[in-house]
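A quick write-up on the structure given underneath.
Hydrogens, waters and symmetry mates play no part in the numbers below; they use all other heavy atoms, side chains included. These figures come from a predicted structure and were not determined experimentally. Throughout, a chain's letter reflects where its sequence line sits, starting with A, and its residues are numbered from 1.
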Amino acid sequence: MPAYQLTVNGRARTVDADADTPLLWVLRDTLGLTGTKFGCGQGVCGACTVHLDGKAVKSCQTSLKEATGHAVVTVEGLSKDGSHPVQKAWIAEDVAQCGYCQPGMIMSAAALLKRKAHPSDHDIDEAFADHVCRCGTYPRIRKAVKRAAGGVK
Amino acid sequence: MTSRRDFLKVAGAGAGLVLGFHLEAKPRPGETAKTVFHPNAFLAIRPDGTAQVTVPKTEMGQGVRTALPLAVAEELDLDWSKVEVVTGQPGPDFKSMQTGGSTSVSTTWTPLRKAGAAAREMLKAAAAARWKVEAAQCRTEKGFVLGPDGKKLGYGDLAEAAAKLPVPKDAPLKKAADYRLVGKRTPRFDGPAIVTGKAIFGLDVRRPGQRFAAVLRCAVIGGQPKAWDEAKAKAVQGVKAVVKVPTGLAVIADSTWAAFKGRDALAATTTWEEGAARDFSSPALEAKMRAALTGPADDARREGDPAKALAAAAKVLEAEYSFPYQAHATVEPMNATTALSEGAAEMWMGSQSPNRAQERAATALGLKPEQLKLNVALIGGGFGRRLGTDFSTEAAQVAQAAGGGPIQVVWDREDDLRHDLHHPATLHRLKAGIDGAGALAAWTHRIAGPAVLRSWTGGQKAPSQAATETNGAYDIPYAIPAVAVDFAEVEAPTPLGWWRGIQIVPNVFARECFLDEVAHALGKDPLRFRLDLLGDRGIVKFGRDEADIRRLKKVLEVAATKAGWGRKLPAGHGLGLACHAYDGRTYAAEVAEVSVVKGRLKVHKVTCAVDCGLAVNPAGLEAQVEGGIAFGLSALFSQITWEKGRTVQTGYHDFPVLRLADMPVVETHVIPSAEAPSGMGEPPVPVAIPAVLNAVFAATEKRIRKVPIEDGLI
């Protein structure tokens, strides 16, 4: 089994696993980064969303081979201390209920705001189209994205 | 002197809790048992002034790790920034951690306040002794005892002295007017841990040497593997073993992915004994339910002479309503982690029934409950699913079959949809008799379907079955001279479980939509019709429950006024309303504004008024209203159907749940109240569906009597 090299949260990592192993399980089981969540494994709930070279991707649909040589950022790496504007907005709007889907939501929000500093409601709808929150935190997610708008560099 | 244990018995009496010393409050480095003030199982104050509050219920997003500590912190005048929250463990300290039925706040509110008040009096006494003044000259504020002449000592400085004092039996509770924390908006305690990915859910548990397992179960309910070739699974890199367990075949591996891949390989080699349920299907069940609509049934409520009143009626309206099987579809799939050692076990999981999970897993392992330490993790969605113990017992059995663990059993999404403890389908037949004067003189509501309560009683038919299965129907709050509500049980082989809003969701859907039909048939405004039928009544008794009709009327009036009931709407738009007194404790009314354009339904806004007594944490309460409405709206479009003994649905792609773009604006109005707090986890759910469907009728004059809404029906 070849070793694969990728950068996770700014740190170079070498991973021994099958090439087809989803990045999700590399993060959670191999690297111990459990902030990225398993929700469906089918690419339709968004709980596993991470950044690959700054873009939001579903880590359950991204193989280790595809991630090799790229920069991966997970919720643990978004900021050192929860000070990312999206994390701060999430606290200010008291978004989370059970909280399980929220790391994926936050990663999508951060990627959206990096791409578009002041997204419209339609942009927000589209950015979260593949996300599920069964607790129904959606109104607060929308508010938090708007609160963080303009603050993501 | 009252012993600490005696006090705890007194404090816990109201909630059925018998409390004692809690392990989590053991001294930390630099502390000793003597320097930690630990007057009861709920509370420990450390020398540094940190206050640790142990929550006797499990957190699943409903906010108990915020709302319950607030009750202790309020009475004790804690500095909220110095509060640490831990979740209790099932055992002698916490004998009833079961978290369901929207009861967490109502059952713990008094004991938690008493625990805080007793500690407050002890800290005051300790300060008074040190200052040589009377305790009555002292007061508390934000983590300090204040005495005469500007004297001030922190709780941490008093912890050791307070720990030596007797626990008072009847410490006075604060007046609501003096509350500083309760009733204010407090953000979720776990928010910072959640947004940084540090919050630990069951699936995030990692133990030294931990392995992962996936269980291959028969897709057909109750089926068993007949033959399989484990070599195919073991050929997958990382797979360590295949073991037989009562629910199927467990593949043990060194990563979750390897376990899933190994299971796929094993599945390709497995043949099944599908068993008796292989012929079960939704159409066959529906035929049985329809037959049961006219057969024998168990009465839940019978008043007046409905048959006679219907026969004498000038006009009889009749309709059939239908609600499907539903899944919980929690985003965190079921999981539990088990480690076994000689004569002992330890488990980690999200559970709404920690005591039951402990007892049943221990029994499966041949242990006594006290030999199994169960650690309750955060729950990534409960909605009643994790009241079940199927997944936890299975995880214990996997660990035992595999030689001890630690092993984390992980379900995937298809496992979750197929092997959920589903909420069953029901058919409803309703009749309304209108007398010669145009008044509603008779109401009958027959409900046919499988009985959820049997899933909780070991398959037995409980005396309360008819009332439980008709909850939301038998307690119809309107003044009608003749009422009959009954339940005709229909057997189904599917494992069942409680679901957010329980049977009240389908029953209130049918009741409030049919009532809307009656209003329209009589040419009456649906709001006016309801208010008139509620009448000038106070507390009304319905079997085991009672409800205050004045409180129900109030939420209905507030929701309608705030939503602008009766205003002119754009073409294609409609307003609909519904209300319910949930278990007679929480009153909720919702007005939905919808539009139907080219057959596409959009819910624009839901205006909700609620009365749950004192609102302990309004921020959390509003979150429950928003979430409850989202849960109800999801059910308008989702269903589980059965074919050849298995679910047709296998994921979020064919069991759709509400997404952000479809979430309406939610406006919540909380009725100020000095009544004891009740719950808000479930009450917003059942009214959402009829409010929306009544609005659809207002917009289109099309009456939808079947959930889910089918394509092209509007």
Side-chain angles (χ1 to χ4, degrees), chain A residues 1 17-18 21-22 24-26 28-30 32-42 44-45 47 74-76 78-79 81-82 84 86-88 90-92 94-103 106 122 124-142, chain B residues 59-63 185 187-188 190-201 203-204 206 212 237-238 254-258 260-261 328-333 378-383 410 412-413 619-620 623-624 626-631 634 651-653 657-661 663 665-666:
Chain A
M1 199 161 51
D18 282 343
T21 307
L24 169 66
W25 299 113
V26 172
R28 290 183 53 84
D29 293 355
T30 312
L33 294 168
T34 56
T36 303
K37 304 303 184 194
F38 170 52
C40 70
Q42 300 161 330
V44 293
C45 84
T74 70
V75 70
E76 292 96 335
L78 199 57
S79 69
D81 49 4
H84 187 280
V86 170
Q87 289 169 316
K88 284 163 69 176
W90 240 251
I91 296 291
D94 201 16
V95 175
Q97 288 188 33
C98 85
Y100 190 79
C101 71
Q102 301 293 331
I106 286 168
H122 182 70
I124 296 171
D125 287 350
E126 294 214 319
F128 293 95
D130 284 349
H131 284 266
V132 168
C133 172
R134 190 68 162 135
C135 296
T137 61
Y138 300 126
R140 296 175 189 219
I141 289 172
R142 191 183 295 281
Chain B
E59 176 65 63
M60 50 184 169
Q62 85 285 37
R185 305 179 68 86
R188 183 156 305 252
D190 294 308
I194 287 167
V195 303
T196 52
K198 293 188 181 110
I200 300 297
F201 296 85
L203 206 57
D204 302 331
R206 294 291 179 268
F212 300 85
Q237 183 77 31
D254 58 14
S255 74
T256 315
W257 180 242
F260 285 165
K261 269 178 83 174
H328 301 83
T330 64
V331 182
E332 181 195 16
L378 290 177
I379 294 181
F383 318 119
V410 183
D412 72 6
R413 182 55 47 196
Q624 288 308 294
E626 292 157 17
I629 288 168
F631 200 87
S634 270
Y652 288 125
H653 55 283
V657 303
L658 194 79
R659 307 262 169 167
L660 183 139
M663 181 74 200
V665 172
V666 173

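Atom SG of A:C135 is separated from atom CD of B:E626 by 12.0 Å, given to the nearest 0.5 angstrom.
The greatest number of non-hydrogen atom pairs below 4.5 Å with chain A, out of B:A193, B:G238, B:A329, B:G628, is found for B:A329. The choice from B:G197, B:A199, B:G382, B:A258 that makes the most heavy-atom pairs within less than 4.5 Å of chain A is B:G197. Heavy-atom pairs under 4.5 Å with chain A were tallied for B:F631, B:W257, B:F260, B:F212; the largest tally goes to B:W257. Contact count versus chain B (heavy atoms, under 4.5 Å) is highest, among A:K88, A:R140, A:H84, for A:R140.
Residue A:I124 touches chain B through both its backbone and its side chain, counting heavy-atom pairs closer than 4.5 Å. In this structure, the portion of A:Q42 lying under 4.5 Å from any heavy atom of chain B is its side chain and not its backbone. Contacts of A:D94 with chain B are made by side-chain atoms alone, with heavy-atom separations under 4.5 Å and no backbone atom involved. Residue contact with chain A, scored on non-hydrogen atoms closer than 4.5 Å, involves the backbone of B:M60 exclusively. Residue contact with chain B, scored on non-hydrogen atoms closer than 4.5 Å, is absent for A:L78. Proximity to chain B (any heavy atom under 4.5 Å) is shown, for A:T137, by neither the backbone nor the side chain. The contact between A:Q87 and chain B is made by backbone and side chain atoms together, counting heavy-atom distances below 4.5 Å. Heavy-atom distances place both the backbone and the side chain of B:A661 under 4.5 Å from chain A.
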Practice task
Starting from the C-alpha separation in whole Å, work towards a yes-or-no answer on side chain to side chain contact (heavy atoms under 4.5 Å, CB included) for A:F38 and B:D412.
Solution key: CA-CA 9 Å; A:F38 170 52; B:D412 72 6; 3.8 Å; yes

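In this structure a side-chain-to-backbone donor-acceptor pair under 3.5 Å is present from B:R188 to A:A96.
For B:R659, the side chain to side chain contact (heavy atoms under 4.5 Å, CB included) criterion is met by A:V44, A:V132, B:Y652, not counting sequence neighbours.
Salt-bridge annotation for B:K261 and A:D18: present, with a side-chain N of the basic residue lying under 4.0 Å from a carboxylate O of the acidic one.
No side-chain heavy atom of A:H131 sits under 4.5 Å from any side-chain heavy atom of B:L660. Contact check for B:P192 versus A:I91: side-chain heavy atoms found under the 4.5 Å cut-off. Between B:S634 and A:R134 the shortest side-chain heavy-atom distance falls below 4.5 Å. Side-chain contact check for A:T34 versus B:R206: some heavy-atom pair is nearer than 4.5 Å. At least one side-chain heavy atom of B:L203 sits less than 4.5 Å from a side-chain heavy atom of A:Y100.
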